[in-house]
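Here's the structure we're looking at; comments come further down.
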Number of protein chains: 2
Amino acid sequence: MPAAQEPTDRGPAAGRPRRGLAEKRQSITRAARTVFARDGFTRASVDAIAAEAGVSKRTIYNHFTDKEELFRSVLIESAGSVATWHREVLSRHLDKITDLERDLTAFGLAWASPPREFADHFALVRQIHAEAGHLPPDVIEAWQETGPRAAFRQLSHRLGELADEGLLDVDDTDLAARHFALLAVSDVSQGSLFGALEMPESEVNSIVATGVHTFLRLYGPGGTA
Amino acid sequence: MPAAQEPTDRGPAAGRPRRGLAEKRQSITRAARTVFARDGFTRASVDAIAAEAGVSKRTIYNHFTDKEELFRSVLIESAGSVATWHREVLSRHLDKITDLERDLTAFGLAWASPPREFADHFALVRQIHAEAGHLPPDVIEAWQETGPRAAFRQLSHRLGELADEGLLDVDDTDLAARHFALLAVSDVSQGSLFGALEMPESEVNSIVATGVHTFLRLYGPGGTA
DNA sequence: ACAGGTAAACTACACCGTGCAGTGCAACAG
DNA sequence: CTGTTGCACTGCACGGTGTAGTTTACCTGT
């Protein structure tokens with residue numbers, strides 16, 4: 001429901017939707033994402049979001065009926081943008097394989113240490129986990145679908161292709177994707193309390209490298225170590 | 001809830017601290033754990049906790065200076081009791097090995113599906129993750145130490161022993177413990193949104209079994225598949 | 001052993017201050 | 001005319017306190 005609908009087609013002759021209009025909405029959701037990520041739904045105040053967005057509180061209620069609707073919008077939008085980013089990363093590192101372990105490691109590293117712009121998002125994910133009991137199930141469902149599951153499917157698909165090319169020895173691509181995520185990424189996530197704590201880059205490197213290595217022990221071609 | 005530390009026998013020349021009254025404190029922390037787990041720190045109201053505990057709000061402020069101090073107490077107490085439970089589970093399934101894969105699977109299953117009484121705790125953990133940025137670092141540190149890290153150390157130690165007995169092929173026991181936790185338990189956790197969502201028992205069984213099987217492909221003796 | 005005393009612990013309830021979601025409205029800008 | 005702003009304002013929920021009165025657990029005196 002909160003997807004990127006917005007027909008916004010006001011009037012025939014009246015001319016295009018005012019340019020500043022949609023941008024306001026975006027600056028609101030951006031600010032909201034930051035504040036929600038930092039403070040959580042309950043602690044975050046609409047006034048704080050308005051301030052962060054450089055917008056009057058009234059304008060927020062002009063675009064969103066509710067604090068909760070705002071939250072939901074932020075959720076899905078954020079999941080979408082991260083899924084896009086994830087697809088890029090996947091494509092950048094895994095489209096052309098030169099050295100499998102090297103490329104997988106680079107991919108895992110990029111995945112495990114997202115750019116600052118997406119740090120908000122992962123804090124937001126922690127909020128979702130905590131709030132799950134207070135969120136409508138369909139919202140959670142929508143988030144999972146556009147976010148993590150989409151990312152998973154892409155990885156799974158690509159691993160399948162690599163297997164077809166003989167670079168990997170995989171029969172259950174979904175399982176392999178899960179294992180890659182667990183070994184290379186979740187290990188980092190858990191160590192850093194899911195992004196809540198800082199982790200020295202060297203340690204991230206080490207964990208990802210070990211994770212990828214382990215992954216290849218499981219799925220490397222020829223069952224080699 | 002933790003060990004049996006309250007004999008309740010009013011045997012000798014009584015005690016300085018009144019007996020029946022001191023247990024109010026425990027009913028408060030128990031109720032607080034439930035409410036904090038369900039609603040999170042911010043959303044949870046002291047009045048709600050008082051009601052849940054069957055105690056007047058004033059009594060709570062009689063035992064704890066602060067809502068935050070109450071939260072901290074709940075945190076550490078809960079982590080401790082779960083660590084105890086975890087030690088029991090580990091001991092029950094891994095003290096005597098008859099069939100390694102079978103025993104490991106039973107252990108992972110027990111770990112991944114804690115009894116109802118501890119459901120609160122894991123909800124609480126999700127709250128910690130979300131609140132991490134608003135929690136004093138020493139509190140987080142204390143929680144990690146008495147909780148997850150303690151559990152980890154035990155598992156790591158036991159895996160080392162099993163390796164010594166030739167049942168496993170492990171050189172880095174910490175890494176092996178992490179891998180076991182990731183493959184057998186985290187996979188379940190993530191699928192169920194860390195306990196926020198229900199997961200059919202059959203799926204839990206399947207995931208754990210697969211995880212243990214994979215673990216043994218990595219660490220099984222003789223490097224067998 | 002039992003009546004009564006004592007103080008600590010507890011309760012009920014009113015109360016303060018504050019912060020916050022959400023609204024109404026008049027003035028203003030493209 | 002549509003969207004925005006600033007601001008005042010309502011209503012409410014909550015953290016925390018003060019207090020006066022009641023219960024409880026223990027300690028006596030007889």
Side-chain angles (χ1 to χ4, degrees), chain A residues 6-32 35-36 38-74 127 131 134-135, chain B residues 6-32 35-36 38-74 127 131 134-135:
Chain A
E6 274 308 301
T8 327
D9 58 305
R10 37 193 76 329
R16 51 264 129 224
R18 299 234 241 113
R19 192 102 303 274
L21 192 144
E23 328 183 326
K24 286 277 178 183
R25 188 188 170 102
Q26 231 198 3
S27 73
I28 291 173
T29 53
R30 258 172 38 113
V35 177
F36 279 138
R38 189 182 59 228
D39 296 340
F41 176 79
T42 315
R43 206 193 293 263
S45 82
V46 177
D47 295 272
I49 296 174
E52 175 83 23
V55 148
S56 99
K57 176 161 75 163
R58 207 62 183 76
T59 303
I60 293 186
Y61 284 101
N62 224 342
H63 284 272
F64 306 89
T65 73
D66 231 43
K67 190 186 175 185
E68 208 200 306
E69 197 216 311
L70 174 58
F71 188 67
R72 277 181 279 145
S73 295
V74 166
Q127 302 298 338
E131 292 280 340
H134 297 277
L135 253 36
Chain B
E6 283 293 322
T8 322
D9 61 316
R10 49 175 57 323
R16 287 268 124 266
R18 303 232 237 125
R19 194 139 284 276
L21 306 216
E23 63 189 37
K24 288 271 175 180
R25 187 190 170 100
Q26 234 198 5
S27 75
I28 292 173
T29 54
R30 256 170 41 112
V35 178
F36 279 138
R38 188 182 59 227
D39 296 341
F41 177 80
T42 315
R43 204 194 294 264
S45 82
V46 178
D47 295 271
I49 295 174
E52 174 84 23
V55 147
S56 97
K57 175 161 75 161
R58 206 64 183 74
T59 302
I60 293 187
Y61 284 102
N62 224 342
H63 283 275
F64 306 88
T65 72
D66 231 42
K67 190 185 175 187
E68 208 200 305
E69 197 217 311
L70 174 58
F71 188 67
R72 276 180 280 144
S73 296
V74 168
Q127 302 298 339
E131 292 279 341
H134 296 279
L135 252 37

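So you know, we letter chains A, B, ... as the sequences are listed, proteins then strands, and number each from 1. What you see is a predicted model, and the numbers here were worked out from it, not measured in a lab.
Taking side-chain N and O atoms only, B/T59 has no distance below 4.0 Å to OP1 or OP2 of C/dC10.
Side chain of B/S45, nearest nucleotide from D/dG15, C/dC10, C/dA21: D/dG15. In this structure, of C/dC20, C/dT11, C/dG22, it is C/dG22 that holds the atom nearest to the side chain of A/D66. Side chain of A/V55, nearest nucleotide from D/dG15, C/dA21, D/dT5: D/dT5. Ranking D/dT5, D/dG16, C/dT11 by closeness to the A/S56 side chain, first place goes to D/dT5. Among the nucleotides C/dC10, C/dA21, D/dT17, the one closest to the side chain of B/N62 is C/dC10. The nucleotide whose nearest atom lies closest to any side-chain atom of A/K24 is, among C/dC10, D/dG15, D/dT5, D/dT5.
A donor-acceptor pair is defined here as one N or O able to donate and one able to accept, closer than 3.5 Å; no such pair exists between the side chain of B/H63 and the backbone of B/T29. Using modelled atom types, no side-chain atom of A/T59 and backbone atom of A/V55 make a donor-acceptor pair closer than 3.5 Å.
Contact annotation: the side chain of A/T65 never approaches that of A/L70 to less than 4.5 Å [non-hydrogen atoms, C-beta and beyond]. Between B/K67 and B/F36 there is a side-chain heavy-atom pair separated by less than 4.5 Å.
Taking the C1' atoms of five terminal pairs at each end of the helix from C/dA1-D/dT30 to C/dG30-D/dC1, the two resulting helix axes are inclined by 20°, rounded to 10°.
If A/R58 and A/A44 are placed on DNA chain C by their nearest nucleotide, the residue sitting closer to the 5' end is A/A44.
In plain terms, the two heavy atoms of B/I28 and B/A53 that are nearest each other are CA-CB, 4.0 Å.
A donor and an acceptor atom never sit less than 3.5 Å apart when one is taken from the side chain of B/K67 and the other from the base of D/dG16.
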